[in-house]
Each structure stands twice: as structure tokens, then as C-alpha cells.
Amino acid sequence: MIKIATWNVNSLRIRLSHVLEWLEQNKPDVLALQETKVVDDKFPHADIEALGYHVIFTGQPTFNGVALLSRVSPQEATTEIEGLDAAQRRVVAATLGSTRVINLYVPNGQSVDSDKYQYKLDWLQTMRRYLKNELAQYQQLIVMGDFNIAPADIDVYDPKAWKGHVLVSEPERQALHEIQRLGLSDVFRTKYPDVVGYTWWDYRAAGFRRNLGMRLDLMLASKSLIQCCKHCEVDAAVRALERPSDHALLFAEFDTQL
DNA sequence: ATGGTGGTGAAACCA
């Protein structure tokens, strides 16, 4: 059995104790982190390695940044994707055992009338091309992270109010759908078609207390992996911790080897 | 309808 998790930590330096505690208590094989917001020189790798994890990371000042933690040594690590703006550090991929693991922090898009929205759609199209090529090379593959897209209305606390807005707009959902059409299944939704599984609640307006959430963090698994998925769950307890990230953690268990 | 909070890095921007 392998256990794989993803978490947008919104600053790894602020959330390091949360991450270390979750690792110790849950002992996943893989943990993908987004919005580390730390440059490589200041990445707290020693604390993570002390718990028995390898870690690869790519960061920049102030924004973005991703890391991939694993019990086994990562091979074929990549942080540069052809066609993607290299100034924004949003991707880390590696081969762990015989599984290809790709960790994403998809652009937020800000609002549908923003230049950042078109950047997001272009980014997703480039990512689709990359993933198509990866799927041609690796049978057992998982793509996970903060997609900044709520796939369907069940994933939105107030779909009427949000209709057409960034995070839920049709072009974004279509771009995600095109990625899934490559042969990647939304793990949580496949396992639990009718369960609300929010992973993000706005810091503002007491979003978490009032459960005004969205499901923006996803795991997409290739056929051989989804077939052996035993469980997938949002760990919302981390959203209730002192000084939390605005995202919960998502994890899944698969009845296979890495 | 608006604004509410939090992170970065030291004001304004992003989410």
C-alpha cells in the first residue's frame, strides 16, 4: 500500500511545524507541497530529511514554489517544462520507484477579465501537452496539487453566486477536462461521486467556520493507479490548526508499490 | 453589496 498526499501550505516557513507533525503522524510515502514561498537557499530541507524524507524543491521570492517529499530517492527530477514561463516556479516532477509523480501549482487567474486569467488558460494548455508526453512514457502516473479550479458545482459552496467567476468558469473547467481526457481520473470524485470534499476555505469572512469552501486541490491518476485506489480523503483537521494554511490536505491510498 | 484575513517584505500585491 502506498500513501500519497498533497497540500498547499501557503508559506512553508510559517507552516513547517504543521508539515513535520503531519509527516510524523501519517508517514506518507509521498507529500507534494505548493506555495512554499521560499527561495532555494532558505528551504528547510534538513528538518524534512531528518524525518527520513528526500526532498526536491524549486522556489522564488514571495510567490509560488513547490516541493516533492518522498521516502524513496527521486529519479529523473524536473522543474523546467518546455513552453512554461520559467520565472514562476510551479512544477516539480520526479520518478519515485516506477511511479511518475507530478506536483502542480496552477495559476490562480485572479478574475476572468484579467491578463492572469489568459495566462492560466495558456498554462493549462501547455501543461496538457506536457502530460500527454509523460503519459506516453509512464504507465503509473499521478498529477496532483492546487489546480485552482473547482471541477463541478458540487465542489463549490454557492455555485449560483460563483457562476462564471474565476475558479469555476467554463473555460477553466474545460481545460481541466481536456487534461483528464488524456487518461487521468479525478481520484476523490471517482471514489466518492456524491461527497462534498472542499479543500480550500477563504481566510476572509470566517470561510472555514461557515464551511464556505471549494474543492480546488486534486489528484489525477492514470488508469493503473485509479484501479487500485482504496481510499481518498480530505484532512480538514489541518485547516483548524493554530495559524493554518487556507488549504486542507488531500491524501489517497493505493494498493500497489511505488 | 461590501468587505472581511493572511503571507511577503517593508508598500502594495497576491490569493
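Heavy atoms only: backbone and side chains are in, while hydrogens, waters and symmetry mates are out. Proteins come first, then strands; the chains are lettered A, B, ... in the order of their sequence lines, and each starts at number 1.
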Reading nucleotides 6-15 of chain B from the 5' end, what letters show protein touch, with B for base, S for backbone sugar-phosphate only, - for no heavy atom under 4.0 Å?
SSSS----SB
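For A:D158 and B:dA1, the CG to P distance is 13 Å, given to the nearest whole Å. B:dT5 atom C1' lies 17 Å from atom CG of A:L241, rounded to whole Å.
Distance noted for atom C1' between B:dG6 and B:dA11: 16 Å (whole Å). Between B:dG9 and B:dC13, the two P atoms lie 16 Å apart (nearest whole Å). With both ends at atom C1', the span from B:dA15 to B:dG4 equals 14 Å, rounded to whole Å.
Within a 6.0 Å sphere centred on NZ of A:K42, heavy atoms belonging to other residues, nucleotides or ligands number 12 at most. Within a 6.0 Å sphere centred on CG of A:D158, heavy atoms belonging to other residues, nucleotides or ligands number more than 12. Crowding of A:Q257 atom CD: a count of heavy atoms from other residues, nucleotides or ligands under 6.0 Å not exceeding 12.
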Which dot-bracket notation, 5' to 3', represents the base pairing of DNA chain B when pairs are defined as Watson-Crick or G-U with both distances under 3.5 Å, crossing pairs as [ ], and inter-strand pairs as |?
....((((...))))
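Salt-bridge check for A:E80 with A:R89: passed, with a basic side-chain N closer than 4.0 Å to an acidic carboxylate O.
Side-chain atoms of A:K3 and A:K27, non-hydrogen and from C-beta on, never get closer than 4.5 Å to each other.
Because its NZ or CZ atom is not both nearer than 6.0 Å to the ring centre of A:F63 and within 45° of the ring axis, A:K37 does not count as a cation-pi partner of that residue. Geometrically, A:R215 does not engage A:F188 in a cation-pi contact defined by less than 6.0 Å to the ring centre and at most 45° from the axis.
Relative orientation of the A:Y192 and A:H231 rings is perpendicular, given thresholds of 30° and 60° on the angle between their planes.
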